[in-house]
There are 2 protein chains.
Amino acid sequence: MTPGEPIHAELIAVVVAVTDAQPRVLTLLDGSALPAGPLESGHRSLQAGLRHWVERHTGHRLGHIEQLYTFADPDRSRAGRSISICYLALANETRTPLGGRVSWQDWYRFFPWEDRRVAHTIIETIVKPGLSHWSAGNPERLTRAARLFGLDGEDWQEDRALARYELLYEAGLVREATRDGRPAHGEFVPGATLAADHRRILATAISRLRARIGYRPVVFELMAEQFTLLDLQRCIEALTGQTLHKANFRRLIESQTLLEDSGNFSSGSGRPAKLYRFRAEVLAERAEAGTRLPLARP
Amino acid sequence: MTPGEPIHAELIAVVVAVTDAQPRVLTLLDGSALPAGPLESGHRSLQAGLRHWVERHTGHRLGHIEQLYTFADPDRSRAGRSISICYLALANETRTPLGGRVSWQDWYRFFPWEDRRVAHTIIETIVKPGLSHWSAGNPERLTRAARLFGLDGEDWQEDRALARYELLYEAGLVREATRDGRPAHGEFVPGATLAADHRRILATAISRLRARIGYRPVVFELMAEQFTLLDLQRCIEALTGQTLHKANFRRLIESQTLLEDSGNFSSGSGRPAKLYRFRAEVLAERAEAGTRLPLARP
DNA sequence: GATCCTTATACTCAAAGTGAGTATATAAAA
DNA sequence: TTTTATATACTCACTTTGAGTATAAGGATC
């Protein structure tokens with residue numbers, strides 16, 4: 001196998017925490033870029049490299065790390081090609097102040113339309129007209145838009161955040177699209193941008209995390225050691241951007257052997273709630289649930 | 001951002017097809033390595049690069065392509081670091097002969113224990129004793145082994161193929177583990193090996209594909225244009241390595257609006273069956289099903 | 001042509017799971 | 001003591017799922 005020409009590799013991290021029922025992402029440069037840095041030699045693995053880099057530059061310890069996606073820049077400079085390897089990491093946001101221009105940002109600042117817990121009219125008043133204009137005379141575009149944004153009675157699938165962002169990009173409705181030379185089809189959809197394609201990477205992370213939540217216990221990385229069922233519900237609501245049915249959520253959680261009673265109770269306004277913690281076994285195994293297929297008896 | 005030192009990048013492909021109710025993977029060197037090659041300049045994207053490379057070297061056109069994982073070699077040579085970007089691609093196996101030492105291999109040749117459609121005793125007679133030996137005095141290892149291989153009444157989760165392979169590797173029960181310097185804990189588990197870490201990459205592909213099948217219509221890339229419900233069932237059974245309940249499978253498929261009647265019928269040894277095809281809309285959208293969470297009414 | 005083998009297709013039934021809602025309990029604050 | 005806010009328990013109809021049985025329609029065999 002021939003070696004091919006040398007290229008440069010960069011690691012990009014989406015570090016997520018949930019605090020005060022709000023998902024947050026770690027940023028540099030006052031909220032305008034994700035943490036990123038070159039892959040250096042001396043790292044045992046890519047994960048180790050990423051962990052080291054983020055901890056050194058932000059002073060933050062990372063929990064669970066998972067790879068998101070790798071992509072190559074189409075030769076942006078004559079200095080040679082570069083590829084970016086992107087990661088999702090979960091952290092417990094400690095409230096220690098971060099140095100310099102490092103900060104935690106509410107991720108819905110970049111994707112306001114993804115938060116359906118609060119009533120807003122972005123989709124009705126801005127997304128829909130923009131996409132209609134873009135779809136003019138093209139029914140295939142129209143059904144795609146409707147399906148992704150839950151327009152004509154279609155239901156909203158929270159884990160399709162990436163596809164929604166990509167559609168807006170394609171339609172020239174986000175700022176970075178025109179920056180890259182696409183024609184606009186209406187007013188820009190509200191939402192802060194990020195450097196390079198970092199907003200797209202963040203959308204990838206949101207999609208991945210939201211998809212995982214449904215069938216794998218990932219949230220425990222984001223929770224305090226002890227928490228109430230409502231805390232857990234609020235955390236999942238924050239990530240998925242949807243509100244959940246309290247009684248049914250409770251039943252769902254209790255039917256699995258995910259949590260154990262800590263013996264303690266919460267204090268605050270209202271009746272005290274039991275404090276739970278994740279069972280040690282669950283933390284160890286990171287069980288991946290099986291898929292649902294109609295198996296036959298052997 | 002500093003550029004970091006230059007490295008070499010390689011693309012590795014797991015190309016999957018299903019023929020005669022058997023999943024197959026495209027190999028080079030008479031079934032001993034996956035197709036791999038250097039990332040070259042002039043490719044618009046990584047996917048385009050892969051597609052081009054595979055088509056040129058194997059003469060096979062690729063269908064759906066999806067990224068699997070990227071990993072870095074821990075500085076294996078002083079010639080500089082190299083990273084491998086792995087892909088899963090689905091193809092329709094045409095029966096055209098392939099040139100040279102290129103061939104399709106039944107993937108269960110490398111993972112015989114993953115095929116549970118046929119009765120075999122590999123797990124009972126070889127895996128279990130080996131893992132027991134490795135787990136001696138370590139109950140945590142024992143429960144992990146039991147859960148992954150469905151030992152003490154635990155149920156088999158077909159999409160955990162990668163975790164199973166990694167466990168066997170850790171326990172030194174596959175050949176490449178001792179090659180990499182791990183102690184063995186019993187007789188090697190049957191199954192052909194592949195060059196470098198290609199067997200591990202194949203396990204990753206199997207896990208990914210099996211996990212997808214449950215909640216996304218991916219199989220159509222692997223089927224002929226028209227097929228019977230039994231054909232479809234056999235294809236999914238081949239991939240998951242499990243047999244399905246016929247009537248319930250049929251109900252599941254029919255309840256979704258996935259297929260359409262082609263008007264034709266199959267001929268063969270029993271009553272002729274309706275021939276279906278995938279609906280054009282499904283092919284276009286590649287719908288991703290939402291996750292199951294107890295949503296609250298707005 | 002009657003019979004058998006094979007596969008397709010239709011239906012049934014009970015158990016489990018899910019969406020939605022109501023009722024009661026227990027704390028702190030007014 | 002009443003209000004307010006939350007926790008927890010329970011109900012009920014409806015849907016989905018696992019498992020199985022019954023009937024239909026071809027080709028092959030006698």
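Quick note on labels: first sequence line is chain A, next is B, and so on, each numbered from 1. The shown structure was predicted, so the numbers you read here are calculated from the model rather than taken from an experiment.
Asn248(B) places its CG atom 16 Å from the P atom of dA16(C), with the value rounded to the nearest Å. Atom NE2 of His245(B) is separated from atom P of dC11(C) by 17 Å (rounded to the nearest Å). Rounded to whole angstrom, the span from the CD1 atom of Ile253(A) across to the P atom of dA7(D) amounts to 14 Å. One can place NZ of Lys274(B) at 15 Å from C1' of dT7(C), the figure rounded to the nearest angstrom. Atom P of nucleotide dT18(C) and atom CZ of Arg250(A) are separated by 17 Å, given to the nearest angstrom. The nearest whole Å value for the distance from the CZ atom in Arg234(A) to the P atom in dA5(D) is 14 Å. Regarding Lys246(B), its NZ atom lies at a distance of 12 Å from the P atom of dA10(C), rounded to whole Å. Atom CG of Leu252(A) is separated from atom P of dA20(C) by 14 Å (rounded to the nearest Å).
Under the side chain to side chain contact (heavy atoms under 4.5 Å, CB included) criterion, Arg141(B) pairs with Trp134(B), Ser135(B), Asn138(B), sequence neighbours left out.
With dA7(D), dG21(C), dT7(C) as the candidates, the nucleotide lying closest to the side chain of Thr228(A) is dA7(D). Considering only the side chain of Ala247(A), dC10(D) comes nearest among dG18(D), dA7(D), dC10(D).
Nucleotides of DNA chain C nearest to Leu229(B) and Arg251(B) differ in position, and the one nearer the 5' end is that of Leu229(B).
Donor-acceptor pairing under 3.5 Å is lacking for the side chains of Ser266(A) and Thr228(A).
Heavy atoms of Leu230(B) sit under 4.0 angstrom from primed sugar atoms or phosphate atoms, though from no base atom.
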task: List the protein contact pattern of nucleotides 25-30 of chain D with one symbol per nucleotide (5' to 3'): B for base contact, S for sugar-phosphate-only contact, - for none; contact means a heavy-atom distance under 4.0 Å.
output: BBS---
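Proximity of Leu173(B) to Val127(B): side-chain heavy atoms (C-beta onward) are nowhere separated by under 4.5 Å. No side-chain heavy atom of His64(B) sits less than 4.5 Å from a side-chain heavy atom of Phe220(B).
Ring geometry for Phe227(A) against Phe278(A) counts as tilted: the plane angle lies between 30° and 60°, on a 0 to 90° scale.
Pairs engaging residues 232-243 of chain B under the salt bridge (Lys or Arg N to Asp or Glu O under 4.0 Å) rule: Arg234(B)-Glu237(B) [sequence neighbours left out].
The pair Glu158(A)-Arg210(A) does not meet the salt-bridge criterion, since no charged nitrogen lies less than 4.0 angstrom from a carboxylate oxygen.
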